[in-house]
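Data first, discussion second: the structure below is written as structure tokens.
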Amino acid sequence: MQAEEDAEFVGARVEAGLRAARFSAPPSSEEFAASIEPKNVPAVFRGVLKGSAASPRWDPLHGGLDYLLEKVGPDVAVEAMMSSTGHVFYGDLRSHERVSIPFSTFMHSCKSYLGHLNAASDSSKDKGIGEEPTCSGEMCSAGLEISEQLYLAQVSILNTENKERCSLEVLKEDIQEPIFLKGKPFSSINFWMSRAHMRSSTHYDPHHNLLCVVAGCKKVTLWSPSASPFLYPMPVYGEASNHSGVSIEEPDYSSYTRAKYMKEYSERVVLNCGDALFIPEGWYHQVDSDDLTIAINFWWKSRIMTEMLEHMDAYYLRRILRRLVDTEMNKIVQKNFFRHAKENNGFQPTDKELRGSEQFNLHNEVKSHDTSDKKGARDTSDKKGAADTSGKKGAPLQSLEPSTLQALYELMSMVHDSVEAVDQNDIAESASQDTSSSQSNERKKTAADDSSLLEKDPVAKIILPVEPLELRSMLLAMVHTFPRTLEGLVLNILGPTGAEILTRKFDEMDQQTTTEEQTEFYKTFYSAFDDQYAAMDALLNRKELFSFQVFQSVLDQYLRVHVDRPS
């Protein structure tokens, strides 16, 4: 039942353009180079190894183990992976070790295991499955128990960078290069073989990869590089930086909260004998291999990596990080806009609430005014200017939509609550104070996921669903009627996310108004502040702080690195 439920979620959020293409026959080299490889999207090819000598000769079920024993010889040593986590092989060196064993030793262990499977199959009808065989003579002499999980992973048949590592070079004679890879400058060709059912951890490779199944079956789960946040890649500076930090058997969703969505961004491909899978560089993949499965793979550098000049790396790094930050910022604003718009859809404050908001906040606004004649004169002048800008005689509050008036009420309540405990004689002074202290505290906050950046900024939540021109009217109404509250809101209450959303709303207002209207609006808006430059600095500083918080989030999601903002 659980498997059926999981199957419903697999691939639910994979974009159509990122799904693996399927080909019933191998393409030509021209088609592959022109329309498959450049897309950097996986592709499945059936019948790739048709005509290759490896497929019939290496098949363990039809004498392939004896053939490989004779072909490679008794004296060739290979590196095998020995897992300390059962049948799961994780990339971290702490969970496995590399051991050098004779290739013949591994083949004999496979023969022993195959004999056990055959015997168990024969006797299962009457006697039940037999127990795992004990240590064979050759395995015991090598100091390895038959029950230990061994896996021949990435044993070189061809290695252009280190020819001395090609312990299985003799097998190249049996391999026919796929026709669509003709002319590719391979960096390596590797041999992979599982003795019993095994699983490799989720990881990506720094090269294009064609994985070909010679015998047995592999089930490959794929994720686009854009799904990195859900896979929690190991820190970029670590030894296993290309591996996911999430356990594939027992994922800890309390520590890796985004990982609960990873299946929805995945796609599963089944490869049988003769099938091949193109895995572009950077694509995460997790592989399940059946008993006695043999595969080979071809690695080659992508064109973009081949042509990327080293002296340009720093520039590309900055451009890519900037693009990731911009994308993440847009996701935060757009995703939460639709969510909050849906939550607030149809909300109408009562007449009692609206009347209460006007009377209550007018009372508090009057109390907060400076008693000096100069201040009073400025307030009168500000109100007059705002009234003229609104184009209405009397209070511009009357022109606001009910939902906008509710938003105004909530904003004013926040300002009132924040200054309630402060001596009223100090309000004018505190409103014009430098905001560096509050920003310093904000800098200490660690980057959070995109939803919490909005949830922690109540002003942002209030103004996000307000239409740009309605927000414009609301701000002008505040200048006209509650200038001190507007000043306190911007200087003391507005958070980083709120500053980003407010300035984006400004941009949207500009697109819907004339140049003259824009000039008049900003002149009126900033007239509410004792120090207009302090208001501008507050908006810019908090916008930059929002960008840094998103930058922290990007580093955590894609590189698993945390940085603190410089003081």
Side-chain angles (χ1 to χ4, degrees), residues 13-15 17-18 33-42 187 203-209 222-238 241-245 258 265 279-285 299-337 443 446-450 453-454 496-497 499-501 503-504 506-508 511 539-566:
R13 300 193 187 191
V14 178
E15 298 177 25
L18 296 180
S35 60
I36 300 175
E37 183 180 5
K39 291 181 179 179
N40 284 310
V41 174
S187 57
H203 67 286
Y204 66 85
D205 297 314
H207 298 91
H208 280 339
N209 182 10
L222 298 160
W223 292 266
S224 163
S226 59
S228 290
F230 306 100
L231 300 174
Y232 292 84
M234 301 289 277
V236 69
Y237 52 80
S241 60
N242 63 323
H243 285 254
S244 167
R258 295 186 299 270
Y265 289 90
I279 307 175
E281 64 176 352
W283 275 74
Y284 291 88
H285 48 286
W299 271 331
W300 70 98
K301 283 187 178 181
S302 67
R303 180 176 178 181
I304 188 171
M305 293 306 297
T306 302
E307 296 180 353
M308 185 177 287
L309 301 175
E310 190 173 342
H311 71 274
M312 295 296 291
D313 285 354
Y315 165 71
Y316 292 135
L317 174 64
R318 293 178 67 87
R319 279 295 301 270
I320 291 170
L321 284 174
R322 179 72 257 180
R323 185 159 69 174
L324 285 171
V325 168
D326 288 343
T327 300
E328 199 69 18
M329 289 169 65
N330 291 332
K331 282 166 54 180
I332 292 172
V333 174
Q334 293 171 3
K335 179 175 72 175
N336 288 294
F337 169 76
R443 288 189 191 112
T446 58
D449 61 68
D450 54 11
L453 287 177
L454 185 78
T497 310
E500 176 65 27
I501 292 175
T503 52
R504 286 186 180 222
F506 285 168
D507 291 340
E508 294 175 30
Q511 294 172 11
L539 287 173
L540 291 175
N541 289 340
R542 287 166 190 166
K543 271 178 64 69
E544 288 184 355
L545 182 54
F546 173 73
S547 296
F548 179 74
Q549 289 176 335
V550 176
F551 176 70
Q552 284 182 308
S553 179
V554 165
L555 292 183
D556 173 62
Q557 293 182 67
Y558 293 92
L559 304 179
R560 293 290 299 282
V561 171
H562 176 77
V563 294
D564 292 319
R565 193 182 189 198

Inset, instruction - Indicate yes or no: at least one non-hydrogen side-chain atom of R322 is less than 4.5 angstrom from one of T327. - result: no

Legend entry - S547 backbone acceptor or donor facing E500 side chain under 3.5 Å: no

Legend entry - Contact check, side chains of V325 and M329, non-hydrogen atoms, under 4.5 Å: yes

Legend entry - Min side-chain heavy-atom separation S241-P235 under 4.5 Å: no

Legend entry - Steps toward side chain to side chain donor-acceptor pair (under 3.5 Å) verdict (W299, E281): CA-CA 9 Å; W299 271 331; E281 64 176 352; over 6 Å; no

Legend entry - Close side-chain approach of L540 and E544, heavy atoms under 4.5 Å: no

Inset, instruction - Name the orientation class of the two ring planes belonging to H208 and W300 (parallel below 30°, tilted from 30 to 60°, perpendicular beyond 60°). - result: perpendicular

Inset, instruction - Check whether any side-chain N or O of N242 sits under 3.5 Å from a backbone N or O of Y204 as a donor-acceptor pair, and report yes or no. - result: yes

Inset, instruction - Start with the C-alpha gap between S244 and M234, add the side-chain angles, then the distance that decides, and say whether side-chain contact (heavy atoms from CB on, under 4.5 Å) holds. - result: CA-CA 6 Å; S244 167; M234 301 289 277; over 6 Å; no

Inset, instruction - List the steps and the verdict of side chain to side chain donor-acceptor pair (under 3.5 Å) for S228 and Y284. - result: CA-CA 8 Å; S228 290; Y284 291 88; 3.2 Å; yes

Inset, instruction - Please examine the side chains of L555 and L321, heavy atoms only from C-beta on, and report whether any two atoms are closer than 4.5 Å. - result: yes

Inset, instruction - Please say whether the positively charged group of R560, taken as NZ for Lys or CZ for Arg, lies over the ring of Y232, i.e. under 6.0 angstrom from the six-membered ring centre and within 45 degrees of the axis. - result: no

Legend entry - Ion pair check, E307 and R303, cut-off under 4.0 Å: yes

Inset, instruction - Could you check if a side-chain atom of I501 sits within less than 4.5 angstrom of a side-chain atom of R504, using non-hydrogen atoms only? - result: no

Legend entry - Any W283 side-chain heavy atom under 4.5 Å of P225 side chain: yes

Inset, instruction - Say whether, by atom type as modelled, one donor and one acceptor occur between the side chain of S224 and the main chain of A227 under 3.5 angstrom. - result: no

Legend entry - S553/Q557 under side chain to side chain donor-acceptor pair (under 3.5 Å): CA gap, chis, key distance, verdict: CA-CA 6 Å; S553 179; Q557 293 182 67; 2.7 Å; yes

Inset, instruction - Kindly indicate, with the supporting measurements, whether the criterion side chain to side chain donor-acceptor pair (under 3.5 Å) is fulfilled by H285 and D205. - result: CA-CA 9 Å; H285 48 286; D205 297 314; 3.3 Å; yes

Inset, instruction - Looking only at non-hydrogen atoms, find the nearest pair between P496 and Q549 and report the distance. - result: CB-OE1, 3.8 Å

Inset, instruction - With the side chain counted from C-beta on, respond yes when V561 and D556 share a heavy-atom pair under 4.5 Å apart, and no when they do not. - result: no

